[in-house]
Protein chains: 2
Amino acid sequence: MSAMAAELPDSDPPARKLTARGRDRRHAVLEYATSRFAENGYHPTSVSDIVDGIGVGKGVFYWYFPSKDDLLLEILRDALFDLRRSQEAEIADSDDPLERLELGIRASLTWLVANQDILRITMFCWTEETFARALRKGRRIIIADTAKHIQEAMDRGLIEPGDPEVMATAVRGVIDELARSYAVGVTKVESDVLDLAVRLCLHGLTGKQS
Amino acid sequence: MSAMAAELPDSDPPARKLTARGRDRRHAVLEYATSRFAENGYHPTSVSDIVDGIGVGKGVFYWYFPSKDDLLLEILRDALFDLRRSQEAEIADSDDPLERLELGIRASLTWLVANQDILRITMFCWTEETFARALRKGRRIIIADTAKHIQEAMDRGLIEPGDPEVMATAVRGVIDELARSYAVGVTKVESDVLDLAVRLCLHGLTGKQS
DNA sequence: GAAAAACTTGACCGGTCGGTCTACTGACGG
DNA sequence: CCGTCAGTAGACCGACCGGTCAAGTTTTTC
């Protein structure tokens, strides 16, 4: 459906120069599209719906985004960026790898719960290869982030030896599933979920009660 | 997009009379569509793709199904039916509610793992109201099934008092999330998942080690 | 064996969708 | 005040999609 070229997925090739007004408009499109996709579905939300919704012409959309697919891909990219940012901000102060792990888990889960639109869009994205590919790439990055701390904790003998990549995958799995089940209403209040996630992951990794 | 009438969701109003050949064809469409939807996505798979794929004319599709949306709804309905069927078959022999609970959990999880196409389609369905509604209805039924056994176990003092509906929701949540994470590859081999699910749920409900 | 009912075909249709394009606006630098 | 260029509008386009239908074939029924 979209272009056949552009195999390098990072940083838009043109990288247009935007004025202040331009950045605002672009942001508005991103914002509005995210909410519409989340509550209406991707395909049922047409480009016309989006531009009509924010009261602009169709030209605006295609001035800022090469295609509808690219818009969604960019929503995903931004989300990943933002999630990592808030995770790293939370971690920055600590130099204990286990604590960094805990803070990272809390930050991630908090972010996911606060961005349920993204959570919902993500569910859709897993069902179509074009987007699932981007999701897998993003998850690999996030897992690498987590694995780094696990590796370090392992080096210090805080965690039993094993493949840090696999352990990180498990940890991210717990976080994702908890976020989803919280969003669906299975799990209770937010702070409970946080504690549960931390307990589950750290206890699981270290083999000790926290 | 689809009809406005038909508020009674059960049993197709016309209930066409099918010959043996008819049942086969109909089943072939259901089968093929399920696999295509699962691996290509619902919207990107057109009705023409489906009929071309099984080498028939478009008329065949609309002879057996009133619309594409209805086809998906029927896939969901069949899946729910089949899941409940295999669950009840597994349970039938036992008259201990706790054992019925365990057998039900194992049967459900086994079914979900064996029907990952459905699992994947389901993920899509949560993202569009038309189908999410059907999913919620189905879950309510499944939860009621589970709650019945919990209620009974509670009456016999095998489970601490509480709202059986809520407990059943939690149990089904565990099952769904485990199935999904198994499908994604987070969790390990099948039998491990089964034991984990049973331990988690029963231990959680009874407060005892199994 | 004929009437009826089940089934099949594929050309066709109306509508919508993603995307293009031309003409225009407006802000800003020099 | 003019040139430039980011930004904007929306008519327009080709493709395709879900769905229809008239005309046919096959199967069942009596």
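Numbered from 1 within each chain, the chains take letters A, B, ... in sequence-line order. None of these values were measured; they are calculated from a predicted model.
Aromatic ring centres of B/Tyr42 and B/Phe131: separated by under 6.0 Å.
Looking at B/Glu177 and A/Ser181, their side chains never bring a donor and an acceptor atom within 3.5 Å of each other.
Once rounded to the nearest 0.5 Å, the distance linking CZ of B/Arg100 with NZ of B/Lys148 reads 7.5 Å. To the nearest 0.5 angstrom, B/Leu205 atom CG is 4.5 Å from B/Ile159 atom CD1.
With salt bridges taken as basic N to acidic carboxylate O contacts below 4.0 Å, one links B/Glu129 and B/Arg136. Using a cutoff of 4.0 Å between basic side-chain nitrogens and carboxylate oxygens, B/Arg84 and B/Asp145 are scored as salt-bridged.
The interatomic distance linking B/Phe65 (CZ) with C/dC7 (P) rounds to 12 Å, in whole Å. When the P atom of C/dC7 is taken as reference, atom CG of B/Asp24 falls 11 Å away, rounded to whole Å. Counting to the nearest Å, the P atom of D/dC16 and the CG atom of B/Asp49 are 11 Å from each other. As a whole-Å value, the separation of B/Arg26 CZ from C/dC7 P is 11 Å. In this structure, the CZ atom of B/Arg21 is 12 Å from the C1' atom of C/dA5, given to the nearest Å. To the nearest angstrom, P of D/dC16 lies 15 Å from NZ of B/Lys68. Between the C1' atom of C/dG18 and the CG atom of A/Leu72 lies a distance of 15 Å, rounded to the nearest Å. B/Lys17 places its NZ atom 10 Å from the C1' atom of C/dA4, with the value rounded to the nearest Å.
Nearest to the side-chain atoms of A/Thr19 among the listed nucleotides D/dG7, D/dT28, C/dG19 stands D/dG7.
Taken residue by residue, residues 56-64 of chain B places heavy atoms nearer than 4.0 Å to DNA chain C at B/Val56, B/Gly57, B/Lys58, B/Gly59, B/Val60, B/Trp63, B/Tyr64.
Proximity of A/Arg25 to the phosphate of D/dG7: no side-chain N or O atom is located under 4.0 Å from OP1 or OP2.
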